[in-house]
Amino acid sequence: MVNQNKKETIRVVLVDDQTMIRQGLGYVIKMQKDMEVSGEASNGEEAVKLVGEIIPDVVLMDVQMPNMSGIDATREITRLHPSIKVLILTTFDTYDYIVDGIRAGAVGYMLKDSDSQDMLDLIRRAHQGEALFYTATAAKALAEVLQFQQKNHESSSHFDSDADSVLPPLVMLDQLTDREQDVLEQLSYGKRNDQIAQHLLIAEGTVKTHIHRILQKMGVEDRTQAVAKAIRYKIVK
């Protein structure tokens, strides 16, 4: 008989070119009853290949690595495996890295010197479908990415990229109601359903209904994918 109370094990892949960093992260994660380290990679190319083989739930991704950067690896992983949550874990609280990470599809950004409990919280919440950016610079970058659509896609903007220029238009945008746009924006800020309900002065059940419709219209499976797609296509108010 299956134990209905048993927690799902979160399968994590660690990507970092420093062995000691991977060992330290792995030790903390392996101590958790609801997590396991499913694999390790020392550069972006290895990460893309490994993730394709084992299909983990969450990837902790460094930025600066040989052969392929963490940003490029994140972009490739999220393109090939949209359901996998990629979290940027780096030494650099750098604006451009954060923006590039968001645009590549990462759903979280945290510094390596953060508290280990915050890292574990990031993994769990990302796995549940939340988008989380833990630094002040990340919060600023996220806000500006969300507001960028109001600038009429100016060609001089540093948010533009070759990857964006080849993305097809999202016809579903015209199908989102104003309230669904409001809910999607709150999702992009990492808000829980009860927080969205309180902010928009609506019932939590109504929020769930809006989210369900948003996922259907955007053609995605969960709120993390909705946020990543909204940010990538600059469609959030």
Side-chain angles (χ1 to χ4, degrees), residues 9-32 35-116 118-120 122-127 131-135 137-138 141-142 145 158-167 224-225 228 231-232:
T9 299
I10 304 172
R11 303 172 68 243
V12 182
V13 161
L14 306 177
V15 185
D16 198 294
D17 60 340
Q18 298 185 47
T19 303
M20 289 184 64
I21 294 294
R22 297 199 308 272
Q23 289 176 341
L25 294 174
Y27 176 79
V28 174
I29 291 172
K30 290 173 183 177
M31 294 290 289
Q32 310 307 306
M35 298 182 192
E36 66 178 33
V37 176
S38 297
E40 299 181 14
S42 60
N43 61 62
E45 287 184 355
E46 288 182 6
V48 173
K49 181 179 179 180
L50 178 64
V51 166
E53 292 173 351
I54 65 179
I55 313 297
D57 299 304
V58 176
V59 178
L60 287 185
M61 180 75 72
D62 188 20
V63 174
Q64 288 191 344
M65 295 180 292
N67 298 331
M68 178 186 284
S69 73
I71 301 299
D72 290 338
T74 296
R75 184 177 295 109
E76 187 69 2
I77 288 170
T78 56
R79 181 183 70 84
L80 296 172
H81 314 285
S83 64
I84 295 176
K85 315 307 192 273
V86 180
L87 306 172
I88 301 293
L89 191 64
T90 180
T91 306
F92 306 98
D93 189 15
T94 306
Y95 187 88
D96 288 342
Y97 281 161
I98 298 166
V99 171
D100 289 344
I102 294 171
R103 306 288 283 153
V107 299
Y109 194 100
M110 175 176 280
L111 298 181
K112 290 180 180 177
D113 62 359
S114 300
D115 186 274
S116 61
D118 287 338
M119 179 197 69
L120 296 171
L122 178 67
I123 293 172
R124 292 186 177 101
R125 294 176 66 181
H127 180 56
L132 302 150
F133 298 85
Y134 270 81
T135 75
T137 304
L142 179 60
V145 170
H158 60 281
F159 288 122
D160 287 342
S161 67
D162 293 338
D164 293 324
S165 65
V166 299
L167 292 174
T224 299
Q225 291 182 29
I231 292 173
R232 191 174 189 190

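A side chain to side chain contact (heavy atoms under 4.5 Å, CB included) with M61 is found for exactly one of L89, L87, I77, namely I77. The only member of E53, M68, R79, H81 that meets side chain to side chain contact (heavy atoms under 4.5 Å, CB included) when paired with V48 is M68.
Here the closest heavy-atom approach between residue T9 and residue M35 is recorded as CG2-C, 3.9 Å. Scanning all heavy atoms of the two residues, the minimum distance from G26 to V37 falls at CA-CG2, 3.9 Å. Shortest non-hydrogen contact noted between R22 and S42 is NH1-CB, 3.7 Å. Here the closest heavy-atom approach between residue I88 and residue A106 is recorded as CG1-CB, 3.7 Å.
For E46, the salt bridge (charged side-chain N to carboxylate O under 4.0 Å, His left out) criterion is met by no residue, not counting sequence neighbours. A search for side-chain hydrogen bond (donor to acceptor under 3.5 Å, both in side chains) contacts involving Q32 returns R124, not counting sequence neighbours. Listed by chain and number, the residues in a salt bridge (charged side-chain N to carboxylate O under 4.0 Å, His left out) with E36 are R11 (sequence neighbours excluded). With sequence neighbours left out, T91 forms a side-chain contact (heavy atoms from CB on, under 4.5 Å) with K112. The side-chain contact (heavy atoms from CB on, under 4.5 Å) check on D113 picks up L111, with sequence neighbours excluded. With sequence neighbours left out, the salt bridge (charged side-chain N to carboxylate O under 4.0 Å, His left out) criterion links D72 to R75. Under the side-chain hydrogen bond (donor to acceptor under 3.5 Å, both in side chains) criterion, Q64 pairs with Y97, sequence neighbours left out.
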For this session: Please test I71 against R103 for side chain to side chain contact (heavy atoms under 4.5 Å, CB included), starting from the C-alpha separation and ending with a verdict.
Result: CA-CA 9 Å; I71 301 299; R103 306 288 283 153; over 6 Å; no
Problem set entry | CA sep, side-chain torsions, deciding dist, call: N43, D17, side chain to side chain contact (heavy atoms under 4.5 Å, CB included) | CA-CA 6 Å; N43 61 62; D17 60 340; 5.9 Å; no
For this session: Go through the steps to decide whether V51 and V86 satisfy the test side chain to side chain contact (heavy atoms under 4.5 Å, CB included), and finish with yes or no.
Result: CA-CA 11 Å; V51 166; V86 180; over 6 Å; no
Exercise. Do Q18 and D62 pass the side chain to side chain contact (heavy atoms under 4.5 Å, CB included) test, and can you show the C-alpha distance, the side-chain angles, and the key distance before you say yes or no?
Worked result: CA-CA 10 Å; Q18 298 185 47; D62 188 20; 5.6 Å; no
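To the nearest 0.5 Å, the span separating OG on S38 from CG on L50 amounts to 8.5 Å. For the atom pair R125 CZ and K85 NZ, the distance stands at 14.5 Å (nearest 0.5 Å). Note that CD1 of I84 is 11.0 Å distant from OG1 of T74, once rounded to the nearest 0.5 Å. We find the CG-CG distance between L122 and D115 to be 12.5 Å, quoted to the nearest 0.5 Å.
Checked by atom type and distance alone, the side chain of T78 pairs as donor or acceptor with a backbone atom of A104 at under 3.5 Å. Judged by distance alone, with hydrogens and angles left aside, the side-chain atoms of K30 form no donor-acceptor pair with the main-chain N or O of V28 at under 3.5 Å.
Counting heavy atoms from C-beta on, the side chains of I123 and V12 come closer than 4.5 Å.
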